[in-house]
Engineer: 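Following this message is one structure expressed as structure tokens.
The model shown is predicted, which means the values in this text are computed figures rather than measured ones. Throughout, protein chains are lettered first and strands after them, A, B, ... in sequence-line order, and every chain is numbered starting at 1.
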2 protein chains.
Amino acid sequence: MPTKKGTASGGTRRTPATGSRAANQRADAQRNRAKILAGTVTAISRNPDASVADIAAEAGVGRVTLYGHFQNRAELIEAALMDSLERGEDVLSEVPLDGEAAAAFQRLVASSWVLVDQSRALLAAAQKELPAARIRELHENAEARMRGLLLRGQREGAFRVDLPVSWLLTTTHVVMNGASEEVRIGRLDPEDAPRFIDAILLPAFTQKRDR
Amino acid sequence: MPTKKGTASGGTRRTPATGSRAANQRADAQRNRAKILAGTVTAISRNPDASVADIAAEAGVGRVTLYGHFQNRAELIEAALMDSLERGEDVLSEVPLDGEAAAAFQRLVASSWVLVDQSRALLAAAQKELPAARIRELHENAEARMRGLLLRGQREGAFRVDLPVSWLLTTTHVVMNGASEEVRIGRLDPEDAPRFIDAILLPAFTQKRDR
DNA sequence: CCTAACTAGAACAGCGATGTACGAGATACA
DNA sequence: TGTATCTCGTACATCGCTGTTCTAGTTAGG
């Protein structure tokens, strides 16, 4: 079977089916894989529909080499997104969610904001390339964390209950994304972003106590 | 000069330079132009990067005919956006902006929401095709109207002044867009949208009176 | 230091989209 | 009813991107 001869690091994909974990590849190759993943984020951030050639150039790697690591564009995007989300998970899982709901929400938003700002463009690219279900699946953890907190806040009377949690969640997302976009085009100082986001979301979500 | 022979309604572009207003074209052609403009909106709404062929099919018109009306894709998108914005202007200019700022804001948002929901995808497509400056220019009117209202609200003490108007404006945009997206994927009842939007924006923007 | 793993680059095939050219047919409107 | 205007379909040239193949060179690591 000369077809499977596998140029470049085709050997990486030794394992037949999906879900091949980091195999026994050379240190060299692992470094390149990381470079490609990083390059994908920056290339996509600069231009949402960057070509594979663009990405390879950004990563400082040959286009063919890239194809050695990832079978096609979709797989590349998915890997980059998974990588970003895994890093994000590491950060977010450290955020203490106990105590007052509003304060915990503020902490979680502050940490999430940085991650959103970094991989917003990548997510947008993924939405074109991957089935929506897959995207959902990958975001499951992060989404569940925020949703759980919002629910608890509602139960405890900290957050308003006249709106469904799904809408609070959506609002949180779009405001963070909006801030990220404003930063990108230079209309918002990154320093101000977390404060501005909180300034909108907290009064909007908080249950009014007096009437 | 057989090059300029002008198949189809190339005659439409009789005027040499830019800004050719509706010329003396046949009633037939005018109808088709309208069909194409409408088709562009629906086609783009269904698929953000629909091809010219897709759009022509949606409009029920030959691809070549479309090129008779618009020289290239960019010109088509721009025309469709201009058309949508002009219609929008007709609606928004009727909204009474006097009286209490918060109430006026509510009225303006209610009217804007419908328009945003209709041409959100078109705007996204335009952002890829047209220079950002051109987009800005086209939105000038609508943007100025909302900005003026927010400013007045700040001066009158109705809206908070600890955030710049630009951020209030951005927030308004992203929340409306978010609602539109949620409607599109069927997670939000269009009926609820205006109420949900207000429920977020008003408490977020309103100056707290007591402390 | 030797071999297997990895990389680079050029070249190629395939696809889909854009924009143009042509020829013939349909339709408004005077 | 006649003619300029408009439309349609097909066909074509071009371009950029994807994914593959081949060859030759470089590097990691036992």
Side-chain angles (χ1 to χ4, degrees), chain A residues 1-15 20 22-36 39-40 43-44 47-79 125 128-129, chain B residues 1-15 22-36 39-40 43-44 47-78 125 128-129:
Chain A
M1 267 187 200
T3 330
K4 259 292 173 66
K5 220 180 67 169
T7 333
S9 54
T12 302
R13 308 223 110 263
R14 179 176 299 114
T15 13
S20 77
N24 40 0
Q25 36 179 24
R26 245 164 55 176
D28 187 357
Q30 290 183 2
R31 244 179 304 140
N32 266 349
R33 188 177 202 275
K35 279 204 301 182
I36 292 173
T40 302
I44 291 286
N47 171 17
D49 28 40
S51 70
V52 174
D54 293 336
I55 295 175
E58 175 65 43
V61 112
R63 195 170 65 96
V64 186
T65 300
L66 191 153
Y67 276 107
H69 285 276
F70 306 96
Q71 291 195 330
N72 50 39
R73 192 178 207 280
E75 192 176 303
L76 169 63
I77 299 292
E78 174 166 345
K128 287 192 202 173
E129 209 82 34
Chain B
M1 267 188 195
T3 329
K4 257 294 173 63
K5 221 181 70 170
T7 334
S9 54
T12 302
R13 306 223 111 262
R14 179 176 298 116
T15 13
N24 40 1
Q25 35 178 24
R26 242 164 58 176
D28 188 356
Q30 290 182 4
R31 243 179 305 139
N32 265 349
R33 187 176 202 275
K35 279 204 301 181
I36 292 173
T40 302
I44 291 285
N47 171 18
D49 29 40
S51 70
V52 174
D54 294 335
I55 295 175
E58 174 66 44
V61 110
R63 196 170 66 96
V64 187
T65 300
L66 191 154
Y67 275 108
H69 285 277
F70 307 95
Q71 291 195 330
N72 49 40
R73 192 178 208 279
E75 193 176 302
L76 169 63
I77 299 291
E78 175 166 342
K128 288 192 201 172
E129 208 82 36

Engineer: Judged by atom type as modelled, is there a donor-acceptor pair below 3.5 Å linking the side chain of A:Asn32 to the main-chain atoms of A:Ala29?
Structural biologist: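 Not a single qualifying donor-acceptor pair exists.
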Engineer: Atom CG of A:Asp49 and atom C1' of D:dG16: how far apart are they, to the nearest Å?
Structural biologist: 13 Å
Engineer: Would you mind reading off the distance between A:Asn32 atom CG and C:dA5 atom C1', rounded to a whole angstrom?
Structural biologist: 12 Å
Engineer: Can you check the B:Phe70 CZ to C:dT20 P distance for me, whole Å?
Structural biologist: 15 Å
Engineer: With rounding to the nearest 0.5 Å, note down the distance linking CZ in B:Arg31 to CZ in B:Arg26.
Structural biologist: 9.5 Å
Engineer: Please round to the nearest 0.5 Å and tell me the distance separating atom CG of B:Asn47 and atom CD of B:Glu58.
Structural biologist: 11.0 Å
Engineer: Are B:Phe70 and B:Ile36 close enough, and set up right, to give a side chain to side chain contact (heavy atoms under 4.5 Å, CB included), and what steps lead you there?
Structural biologist: CA-CA 10 Å; B:Phe70 307 95; B:Ile36 292 173; 3.7 Å; yes
Engineer: What pairs of nitrogen or oxygen atoms, one from the protein and one from nucleotides 10-14 of chain D, lie under 3.5 Å apart?
Structural biologist:
none

Engineer: Roughly, in whole Å, what's the span from CZ in A:Arg33 to P in C:dT7?
Structural biologist: 12 Å
Engineer: To the nearest 0.5 Å, how far apart are CG in B:Asn72 and CG in B:Leu66?
Structural biologist: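 Here the interatomic distance stands at 10.5 Å.
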Engineer: Could you state the interatomic distance from NE2 (B:His69) to CD (B:Gln30), rounded to the nearest 0.5 Å?
Structural biologist: 10.0 Å
Engineer: How long is the line joining CG of A:Asn47 and C1' of D:dC17, in whole Å?
Structural biologist: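 That distance rounds to 13 Å.
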Engineer: Considering heavy-atom distances to DNA chain C, does B:Ala53 or A:Leu66 have its closest nucleotide positioned more toward the 5' end?
Structural biologist: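 Taking each residue's closest nucleotide, the earlier one in sequence belongs to A:Leu66.
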Engineer: Would you kindly give the CZ-to-P distance between A:Arg73 and D:dG16, to the nearest whole Å?
Structural biologist: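 For the pair A:Arg73 CZ and D:dG16 P, the rounded distance is 17 Å.
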Engineer: Let me have a per-nucleotide readout for nucleotides 25-30 of chain C, 5' to 3', with B, S or -, counting only protein heavy atoms under 4.0 Å.
Structural biologist: --BSS-
Engineer: Bend across the helix from C:dC1-D:dG30 to C:dA30-D:dT1, to 10°, with axes taken over 5 pairs at each end?
Structural biologist: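 Inter-axis angle at the termini of the helix from C:dC1-D:dG30 to C:dA30-D:dT1: 30°.
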Engineer: Quick check for you: to the nearest 0.5 Å, what is the distance between A:Arg73 atom CZ and A:Ile55 atom CD1?
Structural biologist: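 Going from CZ on A:Arg73 over to CD1 on A:Ile55, the span is 5.0 Å.
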Engineer: Of all the heavy-atom pairs spanning A:Pro48 and A:Ala125, show the shortest one and how long it is.
Structural biologist: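 Minimum heavy-atom separation between A:Pro48 and A:Ala125: O-CB, 3.9 Å.
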Engineer: Is the phosphate of C:dT7 approached by A:His69 (side-chain N or O, under 4.0 Å from OP1 or OP2)?
Structural biologist: yes
Engineer: Which atom names give the shortest non-hydrogen contact between B:Lys35 and B:Ala59, and what distance separates them?
Structural biologist: O-CB, 3.6 Å
Engineer: Between C1' on D:dA28 and CG on A:Asn24, what's the gap in Å once rounded to a whole number?
Structural biologist: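 Checked: the CG to C1' distance equals 14 Å.
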Engineer: So, taking the atom named NZ in A:Lys128 and the one named CG in A:Asp49, what distance separates them when rounded to the nearest 0.5 Å?
Structural biologist: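 It is 4.5 Å, given to the nearest 0.5 Å.
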Engineer: List the atom of B:Ala43, the atom of B:Ala50, and the distance in Å for their closest heavy-atom pair.
Structural biologist: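 Nearest heavy atoms, B:Ala43 then B:Ala50: O-CB, 4.0 Å.
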Engineer: Can you tell me if the side-chain N/O atoms of B:Asn72 get under 4.0 Å from OP1 or OP2 in C:dT18?
Structural biologist: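 No, because none of the side-chain N or O atoms of B:Asn72 sits under 4.0 Å from OP1 or OP2 of C:dT18.
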Engineer: Rounded to whole Å, how long is the line connecting atom CD of A:Gln30 with atom C1' of D:dG29?
Structural biologist: 13 Å
